[in-house]
There are 2 protein chains.
Amino acid sequence: MSLSTSDRSLVELVIRRLNVMRPLSSEARASLEYALLEGLVRAGASEDLISEGDPVDSVRVVLSGWLCRYKTLEDGRRQIVNFIFPGESCDAHAFLLPVMDHSIATMTPVVYAEIKRARFESLTMSDRSLAEAFWCETLVNNAIQREWAINLGRRTALERVAHLFCEIFERLRPVGMVDGNSCVMPVTQMDLADATGLSVVHLNRTVQELRATGLIVLRDRTLTINDLDALKDAALFSPNYLQLYRPD
Amino acid sequence: MSLSTSDRSLVELVIRRLNVMRPLSSEARASLEYALLEGLVRAGASEDLISEGDPVDSVRVVLSGWLCRYKTLEDGRRQIVNFIFPGESCDAHAFLLPVMDHSIATMTPVVYAEIKRARFESLTMSDRSLAEAFWCETLVNNAIQREWAINLGRRTALERVAHLFCEIFERLRPVGMVDGNSCVMPVTQMDLADATGLSVVHLNRTVQELRATGLIVLRDRTLTINDLDALKDAALFSPNYLQLYRPD
DNA sequence: GTCGCGGCATAACCTAGGTTAAATTAGTCG
DNA sequence: CGACTAATTTAACCTAGGTTATGCCGCGAC
């Protein structure tokens, strides 16, 4: 695939983000950059990249676009169990288990880098900090999954939606994808409903309510949060679980 | 702490279980066994072993008893986000992140082995299969967490409770803790409610319903599943996500 | 242009599950 | 054994959120 300047800067972004998780040696950064640039792939919106039951033999690192992990029940009920944002990897280490337990779909057009298992393992085995950075990502993912459990199990509709907006905003911020108090929101209300365990109708009602109270503006696929602290209060949102900042 | 014959057999059980995840070398088994026997600790029921916000510097491996991971909201709402059963480890690798994002509490008296971070890391660095076995555990945990998301977000009360019973049964089976079609159920309905995102009253109603249809008997802290396949159907339960059996 | 379709919005109605309260039973500590 | 307390059960009532339906808007295909 042909490389553009913007692809290169996206790769920089991934590396900068991993570097925040664990400081990477310059060799690690260089070899990862090389591997990423070599495996660039583009995909359209609403494509399944991998489905529940599929075996895995590569790692995908997202450079741009939004994806989601989801599971479905036999009768069609669908639950989005997590989003995947630029800079994050799809299935680091998933190849350690025989098959996928969930599916991954694109929600927008995406650019990602695909690294074959053998290549990925030789990268991480030759540099401990790189291995740890990817593992940290997996651990944070696990923490996000737990937060979603309490979101789905114990928060009201309003709190859930507010919480999701806070989380999206805070996860997009460190990869430079928020602009002031706004960020893109390139997904349908159907998707938001599937992520919050609500029906589309009630999701819509809830968004109306958040608009009416002036907490957010959601228009033209853009989310604007007028008062982030107030939204966090409404959501009972506490960002610790995202582990965005190392203490040291 | 003094060792009993039964402690030794519990340690065997942990090692057998990890060995199913990844075949372990005999040296790995021996050194792990030694580390486990050295760190035995007992705790009573309803004790917090570690709380949200605490730093972590050891790994606990459960030999007997039930624990749960939970999160709470400021106003007291509580969500149990997962159970921890004998043979499983509490927080393998959690020390890679600065602090805990959730709390872990005992639900019954427990026996566990505590391995300090440095010891754990030297164990896993000297044997790749051991490291992979523990990582697989973390990955399966992640998969369970996703299944809980769809459980909380998209299943009805009856399906949720039935699903939880199926999961508990299937997770206890490989560690020899089911007897025919029965297993212990040493937790209160309050706990089951917090795990399924229901109120205690409705949890009770739902259990009554499962009893009335003859699917289960729940009495004297013992769960008996009369027809496991029927219960799985009622729950839309599919055990893939537990990755209990390696394909090979 | 207009046909068709996907996404958003709103209304009317309904039900699964929450809440409150009180009775019953089981367990624990003297 | 009796006194407390924690856990279960049941009942009455209520509300958050689901369901069904309908209209509207914007957009791509032709």
Side-chain angles (χ1 to χ4, degrees), chain A residues 44-47 66 73 75-80 105 107-109 151-164 184-212 216-223 234-236, chain B residues 44-46 66 73 75-80 105 107-109 150-164 184-212 216-223 234-236:
Chain A
S46 303
E47 288 180 18
W66 288 28
L73 300 179
D75 62 5
R77 279 175 280 176
R78 181 174 87 129
Q79 177 69 43
I80 291 180
M107 312 185 80
T108 68
N151 208 30
L152 293 164
R154 289 305 185 204
R155 271 187 260 253
T156 65
L158 192 89
E159 290 163 351
R160 275 185 228 183
V161 177
H163 190 279
L164 181 63
V184 290
M185 182 61 57
V187 299
T188 66
Q189 295 196 355
M190 180 57 138
D191 294 324
L192 295 175
D194 281 344
T196 49
L198 300 170
S199 65
V200 210
V201 175
H202 199 62
L203 184 277
N204 181 273
R205 281 196 281 248
T206 308
V207 168
Q208 302 299 335
E209 199 180 336
L210 285 170
R211 284 203 261 246
I216 64 157
V217 177
L218 179 55
R219 209 179 51 208
D220 305 328
R221 307 268 117 155
T222 300
L223 171 72
L236 303 174
Chain B
S46 303
W66 288 28
L73 299 179
D75 62 6
R77 278 175 281 176
R78 181 174 87 128
Q79 178 69 43
I80 293 181
M107 313 185 80
T108 68
I150 188 169
N151 208 30
L152 293 164
R154 289 304 185 204
R155 269 186 261 254
T156 65
L158 193 87
E159 291 163 352
R160 275 186 228 183
V161 177
H163 190 280
L164 181 61
V184 290
M185 181 61 57
V187 298
T188 67
Q189 295 196 356
M190 179 57 137
D191 294 324
L192 295 175
D194 281 344
T196 49
L198 299 170
S199 66
V200 209
V201 175
H202 199 64
L203 184 278
N204 181 273
R205 281 196 279 247
T206 308
V207 168
Q208 302 299 334
E209 199 180 335
L210 285 170
R211 284 203 260 245
I216 64 156
V217 177
L218 179 55
R219 210 179 51 207
D220 303 331
R221 306 271 117 155
T222 300
L223 171 72
L236 303 175

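Please read these numbers as outputs of a predicted model, since none were measured by experiment. In what follows, chains carry the letters A, B, and so on, assigned in the order in which the sequence lines appear, proteins first and then strands, with residues in each chain numbered from 1.
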(request) Can you measure from CZ (R78(B)) to CG (D194(B)) and round to the nearest 0.5 angstrom? (result) 4.5 Å
(request) Please tell me if the side chains of T156(A) and R77(B) come closer than 4.5 Å, counting only heavy atoms from C-beta onward. (result) yes
(message) Applying side-chain contact (heavy atoms from CB on, under 4.5 Å) to L218(B) and R211(B), what does each step give before you reach the verdict?
(response) CA-CA 8 Å; L218(B) 179 55; R211(B) 284 203 260 245; 3.6 Å; yes
(message) Working to the nearest 0.5 angstrom, can you tell me the gap between I80(A) CD1 and D191(A) CG?
(response) 4.5 Å
(request) Could you tell me whether a side-chain N or O of R205(B) sits under 3.5 Å from a main-chain N or O of V200(B), the two making a donor and an acceptor? (result) no
(request) Rounding to 10 degrees, work out the angle separating the end axes of the helix from dG1(C)-dC30(D) to dG30(C)-dC1(D) (five pairs an end). (result) 50°
(message) Side chains of R160(B) and H163(B) only: does a donor on one sit below 3.5 Å from an acceptor on the other?
(response) no
(message) A side-chain contact here means heavy atoms from C-beta on lying under 4.5 Å apart; do V184(B) and T108(B) qualify?
(response) no
(message) Looking at A235(A), is its backbone amide N or carbonyl O close enough to the side chain of R155(A) to form a donor-acceptor pair, meaning the two atoms are under 3.5 Å apart?
(response) yes
(message) What is the separation between atom CG on L192(A) and atom P on dA9(C), rounded to the nearest whole Å?
(response) 11 Å
(message) Using a 4.0 Å heavy-atom cut-off to protein, can you give one letter per nucleotide of nucleotides 7-18 of chain D, 5' to 3': B if the base is in contact, S if only the sugar-phosphate is, - if neither?
(response) SSSBBB----BB
(message) Using whole Å, what does the distance between atom C1' of nucleotide dT19(C) and atom CZ of R77(B) come to?
(response) 14 Å
